[in-house]
Amino acid sequence: MSWSVRRLSLAALLSIAMPWQARAYFADLAEDARQAKEAMLAQRYREAAGIYRRMAAQMPGEPGIRFNLALALHQAGEMMESTRILESIRASQRNNPRYWFLLGEGYLNLGTPEKAVSPLEEAARLEPANPDAGLELASALLESGQFTKSEEHFRAFSQTRPDAPEIWAGLALSQLGLGRPREAENSRARLAALPESPEKHEMLARIDLRTGQKALAVQDLQNAARLSPSNPQIQSMLARAFIANRQFEEAIVLLKPLLARAPDNSGWLFDLGDALLQTGKLEEAIPVLRRAVEISPGLLPAQAKLGEALLSSGSAQEAARHLEAAALMDRDGSIHFQLATAYRRIGRQELADKAMARRAEIQKSIQHSDR
């Protein structure tokens with residue numbers, strides 16, 4: 001669920017792994033490498049992944065091949081497998097900034113920004129002249145709720161790249177996260193004054209969603225989609241805006257083809273499961289949400305939504321497990337209320353009472369903060 005605009009330079013990333021020594025000895029592998037690189041540059045990512053997978057089976061000790069396989073899978077939207085492969089070659093990539101950048105990108109796209117921070121810090125440390133590494137780090141800090149640090153990074157970028165929409169949006173969102181709406185409005189105004197582009201409307205929509213202007217966010221993203229109709233990130237954002245604006249059927253129409261191309265995107269799976277649940281399609285929603293949780297167990301909103309769906313379907317025992325996992329993100333007491341309901345249905349009254357007591361504590365805390 002990453003929010004910033006991705007700029008993977010395929011030629012640059014591939015170049016670190018292509019000229020390995022086996023090329024001089026194995027002409028067939030060299031030809032495979034040529035064809036795979038050609039497929040990557042032509043955006044035939046699944047074809048390239050198939051070639052790299054075959055090469056990796058022939059030379060399992062060559063980390064460069066597995067890096068390229070991970071890159072091809074990343075570009076094909078297979079984030080879970082890509083990240084797993086990258087983790088398997090971590091020890092051999094300590095001084096490779098492009099490796100750390102790709103690993104951080106993978107975790108961002110899997111909806112686990114807290115895991116993305118450390119790799120992106122390493123990428124920025126190893127290659128301080130690469131602005132993309134620093135910008136992705138700022139994005140990861142923002143998405144993981146580290147607003148003071150993200151504001152520092154985005155403010156520094158605003159001095160050197162004042163024409164970049166994502167920088168002013170990141171600054172505004174950081175300021176909103178820090179409870180400074182007036183400063184955020186100034187940053188938004190700088191964004192709105194930039195020339196027309198899909199990125200400008202996408203970033204305006206992110207701020208609109210954060211400030212509760214859901215219908216306006218939909219309009220901004222429809223403008224972005226008109227300017228860039230084949231952009232999957234904009235399509236997914238528009239789907240999320242539709243969900244926020246309770247236009248669930250419209251969201252489902254957008255999300256299904258996205259997932260057909262990237263079935264392991266846990267964020268899109270969560271969004272689709274949420275939209276299906278909201279429209280009463282319980283039997284369709286549950287397997288979709290289960291898959292989201294399998295891919296990203298740390299995606300607590302998916303855990304909470306799956307628990308809600310299972311509770312509605314009568315599977316209280318399984319619902320309790322997922323609601324327990326999601327309890328840490330409970331901000332209004334609703335998850336603990338559902339958890340108490342699940343406990344009661346499986347005969348765990350003592351645990352139900354504890355969940356209700358925790359719900360009361362959360363609600364009391366909200367009342368105090370509103371005074």
Side-chain angles (χ1 to χ4, degrees), residues 2 4-24 26-60 62-86 88-89 93 96-110 123 127 130-133 135-136 197-199 202 224-237 254-265 267-268:
S2 177
S4 66
V5 179
R6 304 288 175 233
R7 300 182 199 79
L8 287 176
S9 173
L10 293 177
L13 286 170
L14 283 166
S15 67
I16 69 166
M18 286 306 297
W20 33 267
Q21 293 172 339
R23 182 176 295 209
F26 303 107
D28 54 341
L29 287 173
E31 176 60 18
D32 280 346
R34 186 195 67 77
Q35 291 180 6
K37 185 173 182 178
E38 182 180 278
M40 286 291 287
L41 296 176
Q43 300 183 8
R44 302 193 306 272
Y45 303 124
R46 295 187 186 278
E47 176 186 337
I51 299 171
Y52 284 130
R53 202 186 300 279
R54 183 173 68 246
M55 293 170 68
Q58 293 174 304
M59 298 188 67
E62 174 52 58
I65 298 175
R66 283 191 283 165
F67 177 91
N68 281 350
L69 172 57
L71 175 59
L73 290 166
H74 179 109
Q75 292 299 101
E78 302 290 342
M79 299 299 168
M80 189 178 184
E81 187 179 1
S82 172
T83 303
R84 179 186 61 76
I85 292 169
L86 289 171
S88 76
I89 60 172
Q93 303 293 311
N96 180 356
R98 295 172 179 84
Y99 165 84
W100 296 109
F101 180 79
L102 190 64
L103 182 61
E105 285 258 305
Y107 280 128
L108 275 173
N109 280 284
L110 283 171
E127 200 171 35
N130 180 1
D132 287 345
L135 183 55
E136 292 300 273
S197 70
E199 294 78 16
E202 178 187 350
R226 278 193 287 271
L227 293 168
S228 183
S230 61
N231 186 317
Q233 179 170 294
I234 292 174
Q235 294 292 318
S236 67
M237 277 196 66
L254 287 176
L255 287 162
K256 285 187 173 180
L258 286 173
L259 281 162
R261 289 182 286 170
D264 285 341
N265 188 305
W268 295 351

Mind checking side-chain contact (heavy atoms from CB on, under 4.5 Å) for [X] and listing every partner two or more places apart, or none if nothing turns up?
{"X": "Arg226", "value": "Gln222, Asn223"}
{"X": "Ala133", "value": "Phe101, Ala123, Ala124, Asn130"}
{"X": "Glu81", "value": "Arg53, Leu73, Arg84, Ile85"}

[atom2] on [Y] to [atom1] on [X], rounded to 0.5 Å:
{"X": "Asp132", "Y": "Arg98", "atom1": "CG", "atom2": "CZ", "value": "11.5 Å"}
{"X": "Glu105", "Y": "Glu136", "atom1": "CD", "atom2": "CD", "value": "4.5 Å"}
{"X": "Ser82", "Y": "Gln75", "atom1": "OG", "atom2": "CD", "value": "9.0 Å"}
{"X": "Ile51", "Y": "Glu31", "atom1": "CD1", "atom2": "CD", "value": "9.0 Å"}
{"X": "Leu255", "Y": "Ser236", "atom1": "CG", "atom2": "OG", "value": "8.0 Å"}

With sequence neighbours left out, what residues match [X] under side chain to side chain donor-acceptor pair (under 3.5 Å)?
{"X": "Ser88", "answer": "Arg66"}
{"X": "Asn231", "answer": "none"}
{"X": "Gln58", "answer": "none"}
{"X": "Arg261", "answer": "none"}

Taking all heavy atoms of [X] and all of [Y], pick out the closest pair and write down the distance.
{"X": "Ala49", "Y": "Leu69", "answer": "O-CD1, 3.4 Å"}
{"X": "Leu227", "Y": "Ser197", "answer": "CD1-C, 3.7 Å"}
{"X": "Pro63", "Y": "Ile89", "answer": "O-CD1, 3.8 Å"}
{"X": "Ala56", "Y": "Ile65", "answer": "N-CG2, 3.6 Å"}
{"X": "Thr83", "Y": "Leu103", "answer": "CG2-CD1, 3.8 Å"}
{"X": "Gln93", "Y": "Trp100", "answer": "O-NE1, 3.3 Å"}

Residue pair [X] / [Y], side-chain heavy-atom distance below 4.5 Å:
{"X": "Glu78", "Y": "Pro263", "answer": "yes"}
{"X": "Asn109", "Y": "His74", "answer": "yes"}
{"X": "Phe67", "Y": "Leu102", "answer": "yes"}
{"X": "Glu38", "Y": "Arg44", "answer": "yes"}

Discussion item. The test is side-chain contact (heavy atoms from CB on, under 4.5 Å); show your working for Lys37 and Asn68 and say whether it passes.
Written reply: CA-CA 9 Å; Lys37 185 173 182 178; Asn68 281 350; over 6 Å; no
